[in-house]
Number of protein chains: 2
Amino acid sequence: MSENVVQRLRDEIENGIISNDFAPGARLDEVQLATRFGVSRTPVREALMQLNAIGLIEIRPRRGAVVIDPGPHRIFEMFEVMAELEGLAGSLAARRFTDTDRTAILAAHADCERSSSAGNSDAYYYDNERFHKAIYTASHSGFLAEQCVALHRRLQPYRRLQLRVRNRVATSFAEHGAIVEAILAGDAEQARTLLRQHVSIQGERFSDLVATLASR
Amino acid sequence: MSENVVQRLRDEIENGIISNDFAPGARLDEVQLATRFGVSRTPVREALMQLNAIGLIEIRPRRGAVVIDPGPHRIFEMFEVMAELEGLAGSLAARRFTDTDRTAILAAHADCERSSSAGNSDAYYYDNERFHKAIYTASHSGFLAEQCVALHRRLQPYRRLQLRVRNRVATSFAEHGAIVEAILAGDAEQARTLLRQHVSIQGERFSDLVATLASR
DNA sequence: GTCAATATTCTTGCATACAAGATTTGTCGT
DNA sequence: ACGACAAATCTTGTATGCAAGAATATTGAC
């Protein structure tokens, strides 16, 4: 046994949900999962309970587990909260960043520039994640960073869709530039505002999201 | 079988932790809990995994579960995030509240006044909770409300300690008044600022918290 | 008497077993 | 042929069993 069966199962199933391998609404059968992963039902159940606690699936008593379908409105609400948390992280980062933080932020930003100008939206997705995580770290609030990472992860599939819309990568990168500037200048309020706007989904971006969701 | 043993266990243990019945650092023995609640180890384990996912306990592989001790600094961080989320809820509430929302907020506020002027800090605790929940509801963001309730619950024990310090109930109620005013006036930014200040722990309040924590 | 190595006990992690509720299938009546 | 009731089947919820790792006690050497 490599590490921890339950943890492995939790990650596998979570990834399956995030990668849309288990579509929203799909029923997660315990024995099916157990045989598929070559374990017994017990660890499968424990993994499912964890996913239930996180809010990725719903367990209806005596009726099994299904993948939750957030729906466009709830996704919007989640981005709204994410924007607020990112804004806080940015404002704290502007006041507290260290030399290592600055190096990490600039490095991630440089990588974003590469993948952005290369037009590689998949690469940009990962570099963008690193960029944002660098800001969480620079906030020097462990709890905030954890919350951000968790929410970021849950929003991962939709964020990815967003990057596919025309020109989004370019504008995203441009916004990053201003954010870096504000943080390194120590302008907490500016960093907060810019990050909030950067993350939140406003105006036509919401229609884009709904349209992309519907086309799946 | 009444309803759902795991859920009951989860609540029981969670309450035990929140009420400091299981102190931070305490080891949670599976068979002990099982016999205590008259069930087998399986549902106990599942309940523990859920608490682990929530972040209330830590499960070290092969070494059992212990209640997490956040420590003053982390508690401060949690209040920091809570302040931000409450601020968002307040600003949304100011823009979106309905007639029923206003009625609920004013009712909760009136109850706070009663328990405040009566000097009953325990009663005030519950009325205060209703007041804040009324604002979450008025924000009309289901996801935000859920996050707020969850964090509020985790901070419950510390919030309670805070109310015990001299004059805190009175100043808290005074702040509520200004918050109600801002929300009902539709002043989103003012509501956000006031709520943020109301919830966050600044200056001597942090020393108070540390002191009270140490005296337990 | 103290430290260390080993043996014992205890606890967790996973598998299997069994019971009870839910779902499906089959049969009968109209 | 359609609907309703009943039986069979399937699935979940809980209990128990067994193996492996961690904690603890014991014994031996110095």
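Bear in mind the structure is a predicted one, so any value in this text is a computation, not a measurement. Quick note: numbers below take in every heavy atom, side chains included, and nothing from hydrogens, waters or symmetry partners. Residue numbers begin at 1 in each chain, while the letters A, B, ... track the order of the sequences.
Checking D:dG13, C:dT11, D:dA15 against every side-chain atom of A:Arg62, the shortest atom distance belongs to D:dG13. Distances from the side chain of B:Val5 to the nucleotides C:dA15, D:dT14, C:dA20 place D:dT14 closest.
To the nearest angstrom, P of D:dT14 lies 16 Å from CE of B:Met49. Rounded to whole Å, atom P of D:dG21 lies 18 Å from atom CZ of B:Arg60. Distance, A:Glu30 CD to C:dT23 C1': 16 Å, rounded to whole Å. A straight line from CG of B:Asn4 to C1' of D:dT14 spans 11 Å, rounded to a whole angstrom. B:Gln7 places its CD atom 17 Å from the P atom of D:dT12, with the value rounded to the nearest Å. Atom CD in B:Gln32 sits roughly 9 Å away from atom P in C:dT11 (whole-Å rounding). Rounded to whole angstrom, the span from the CG atom of B:Leu48 across to the P atom of C:dT11 amounts to 15 Å. In this entry the distance linking CZ of B:Arg27 with P of D:dA23 reads 9 Å, nearest Å.
Ranked by how close their nearest DNA chain C nucleotide is to the 5' end, B:Val31 and A:Gly38 are led by B:Val31.
Note on A:Arg160 versus A:Glu129: no salt bridge recorded, every NZ/NE/NH1/NH2 to OD/OE distance being 4.0 Å or above.
Side-chain atoms of B:Tyr136 and B:Glu86 include a donor-acceptor pair closer than 3.5 Å. A:Thr100 and A:Thr98 are linked by a side-chain donor-acceptor pair at a separation below 3.5 angstrom, with hydrogens and angles left out of the test.
Less than 6.0 angstrom separates the ring centroid of B:Phe173 from the ring centroid of B:His109.
Within the structure, a side-chain polar atom (N or O) of A:Ser40 is placed less than 4.0 Å from OP1 or OP2 of C:dA15.
Within the 4.0 angstrom heavy-atom criterion, only backbone atoms of the sugar-phosphate kind lie near A:Arg63; the bases stay farther away.
One N or O donor and one acceptor, one from the side chain of B:Arg41 and one from the base of C:dG13, sit under 3.5 Å apart.
For the atom pair CD of A:Glu146 and CG of A:Leu151, the computed distance is 13.0 Å after rounding to the nearest 0.5 Å.
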